[in-house]
2 protein chains.
Amino acid sequence: MRMSNGVEWALHSCVTLSQTQEPVPAARLAELHGTPPAYTAKHLQALSRAGIVHSTAGQIGGYTLTRPASEISALEVVRAVDGDEPAYRCAEIRQRGPLGIPAERCSRPCAIARAMAAAQDAWSLALARISVADLAAAIDADSDGTAMADVRRWLTTAAG
Amino acid sequence: MRMSNGVEWALHSCVTLSQTQEPVPAARLAELHGTPPAYTAKHLQALSRAGIVHSTAGQIGGYTLTRPASEISALEVVRAVDGDEPAYRCAEIRQRGPLGIPAERCSRPCAIARAMAAAQDAWSLALARISVADLAAAIDADSDGTAMADVRRWLTTAAG
DNA sequence: GACCTAGTACTCGGATAACGGCTGTCCGAGTTTATCAGG
DNA sequence: CCTGATAAACTCGGACAGCCGTTATCCGAGTACTAGGTC
């Protein structure tokens, strides 16, 4: 079970975008994060499709958050990039083989699928409780309160 | 994020093995579950490597559980088949780019990595609390107490 | 009749191809800004 | 000097190859049982 690498870039991009209200181009975000520009843009498109960021075309265009960072959960970002289908997909083994159960008696999900779904729910809940603002605050605290200020300064100086 | 399909087969296989103490060949399990024999065997090998099942060669060989089903957690089975590396792997983006943080100041994991790890821990804990015996009991309850008896009967009749 | 030996059939285990999805990239459509000509 | 149109530059968005991992399969090594021959 391997998560798409773009999830990391998307989360960092959202944290960065939370530090400004002006549009930031994908190429600028890629430069700041040291990631491939074209591929980074691809993941930002996914965020745009999910309604997490708003894209502006044109010369001073770029991406902005559609909502306050405190109202964007990490779960939304992960789902936007990595897809929202559950990791475990029941193939209905119970219906196959010599002891297969008829489909009409399988209204409830299989017990194994229920267990896996419960685990996924726990995972989702943990991520849903964390907002982009929380992540920005935690990153800032890790750097003794300098990281986000540096980001804001870099965004303005690089833009000017 | 997609989990290996073999996880489902492995869990069903463990539930089936919990219903008997005699070795069950991989081909027999594949027949019962309606899965490809060779590929099913491959995943059973993974369970064997992880010490969850014991393999016996020879004419009356097959697989048996190494422990009571109540002492085998679903997490162990999932990890044996799907690997034990976490889904999210931090690429240390914070160390890259113009605002990269020196490695010597990165003793703690990144805040984003911590959040993802916490979610994975919640997922793992949910699966660790469920044993193969629990799954067997739940499947049995779903079928009004006939499923596991049918499995036991099928295993004995097919073997004889 | 009991015991030993050779054969056989069955099992697991690892090594080997084929497909799907993530990774990575590019160019076209659209928009905003700056420039330049005209009034 | 102000206004309008034109052109240019920059942006996003979707469509196009490449590589790695899961999927799927096969055959070889090893073991327990069975049958036959011998004492």
Side-chain angles (χ1 to χ4, degrees), chain A residues 1-10 13 17 22-31 33-64 66 78 80-85 87-89 91 93 158-160, chain B residues 1-10 13 17 22-31 33-64 66 78 80-85 87-89 91 93 158-160:
Chain A
M1 188 171 57
R2 210 174 119 225
M3 182 173 296
S4 168
N5 213 343
V7 169
E8 183 176 9
W9 307 352
S13 294
L17 289 177
E22 297 182 5
V24 182
R28 200 67 49 82
L29 288 170
E31 181 190 358
H33 297 145
T35 53
Y39 196 29
T40 305
K42 184 179 179 66
H43 291 303
L44 287 168
Q45 291 170 24
L47 293 180
S48 177
R49 269 193 294 267
I52 295 173
V53 301
H54 173 69
S55 63
T56 308
Q59 205 164 9
I60 62 162
Y63 291 98
T64 55
T66 57
V78 171
V81 174
D82 205 55
D84 55 354
E85 62 183 15
Y88 181 88
R89 295 156 296 114
I93 279 186
Chain B
M1 187 170 59
R2 213 175 115 227
M3 182 174 296
S4 168
N5 212 342
V7 169
E8 183 176 8
W9 307 350
S13 294
L17 288 177
E22 297 183 6
V24 181
R28 200 69 47 81
L29 288 170
E31 181 190 358
H33 297 145
T35 53
Y39 196 29
T40 304
K42 184 179 180 63
H43 291 303
L44 287 168
Q45 290 170 25
L47 294 179
S48 177
R49 269 193 294 266
I52 296 173
V53 301
H54 173 70
S55 62
T56 308
Q59 202 163 11
I60 60 164
Y63 290 99
T64 55
T66 57
V78 171
V81 174
D82 205 56
D84 55 355
E85 63 183 16
Y88 181 88
R89 293 157 297 113
I93 280 185

In whole angstroms, how far is the [atom2] atom of [N] from the [atom1] atom of [X]?
X	N	atom1	atom2	result
Asn5(A)	dG21(D)	CG	P	13 Å
His43(B)	dG21(D)	NE2	C1'	13 Å
Glu31(A)	dT11(D)	CD	P	12 Å
Leu29(A)	dT11(D)	CG	C1'	13 Å
Asp82(B)	dT22(D)	CG	P	7 Å
Leu47(B)	dG14(C)	CG	P	13 Å
Arg89(A)	dT22(D)	CZ	C1'	11 Å

- Task: For the side chain of Arg28(A), starting at C-beta, report the closest nucleotide among dC12(C), dT11(D), dT23(D).
- Result: dT11(D)

- Closest nucleotide among dC12(C), dG21(C), dA24(D) to the Trp9(B) side chain: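 Of all the options, the side chain of Trp9(B) is nearest to dA24(D).
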
Rounded to the nearest 0.5 Å, how far apart are [atom1] of [X] and [atom2] of [Y]?
X	Y	atom1	atom2	answer
Met3(A)	Glu8(A)	CE	CD	11.0 Å
Leu44(B)	Leu17(B)	CG	CG	7.0 Å
Tyr63(B)	Leu29(B)	OH	CG	9.0 Å
His43(A)	Thr35(A)	NE2	OG1	9.0 Å
Ile93(B)	Ser13(A)	CD1	OG	7.5 Å

Please enumerate all protein N or O atoms sitting under 3.5 Å from an N or O of nucleotides 13-15 of chain D, with distances to 0.1 Å.
from    : atom 1 : to       : atom 2 : distance (Å)
dG13(D) : OP1    : Ser48(A) : OG     : 3.4
dG13(D) : OP1    : Ser55(A) : OG     : 2.6
dG13(D) : OP2    : Tyr63(A) : OH     : 3.0
dG13(D) : N7     : Gln45(A) : NE2    : 3.0
dG14(D) : OP2    : Arg49(A) : NH1    : 2.9
dG14(D) : N7     : Gln45(A) : OE1    : 3.0

Below 3.5 Å is the cut-off: list the nitrogen or oxygen pairs between protein and nucleotides 27-36 of chain D, distance only.
from    : atom 1 : to       : atom 2 : distance (Å)
dC33(D) : O4'    : Gln59(B) : OE1    : 3.2

Contact summary for [X] and [Y], nearest pair of heavy atoms:
X	Y	result
Thr66(B)	Gly51(B)	OG1-O, 2.9 Å
Val81(B)	Ala46(B)	CA-CB, 4.5 Å
Thr40(B)	Ala30(B)	OG1-CB, 3.9 Å
Ala50(B)	Ala80(B)	CB-CB, 3.5 Å

- Is a side-chain N or O of Ser48(B) found less than 3.5 angstrom from the main chain of His54(B), in a donor-acceptor match?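 Checking the backbone N and O of His54(B) against the side chain of Ser48(B), no donor-acceptor pair under 3.5 Å is found.
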
- Query: Where the side chain of Asp82(B) meets the backbone of Met1(A), is there a donor-acceptor pair that is under 3.5 Å apart?
  - Reply: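 The answer is yes, because a donor-acceptor pair under 3.5 Å joins these two groups.
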
- Message: Quick check: on DNA chain D, is the nucleotide nearest Gly62(A) upstream (toward 5') of the one nearest Thr40(B), or the reverse? Name the residue that is more 5'.
- Response: Gly62(A)

- If you look at every strand shown and take non-hydrogen atoms under 4.0 Å, does Ala26(B) touch a base, only sugar-phosphate, or nothing? sugar-phosphate

- According to a strict under-4.0 Å criterion, is Tyr39(B) in side-chain N/O contact with OP1 or OP2 of dT23(D)? yes

- Message: Using C1' atoms of five pairs at each end, report the bend of the helix from dG1(C)-dC39(D) to dG39(C)-dC1(D) rounded to 10 degrees.
- Response: 10°

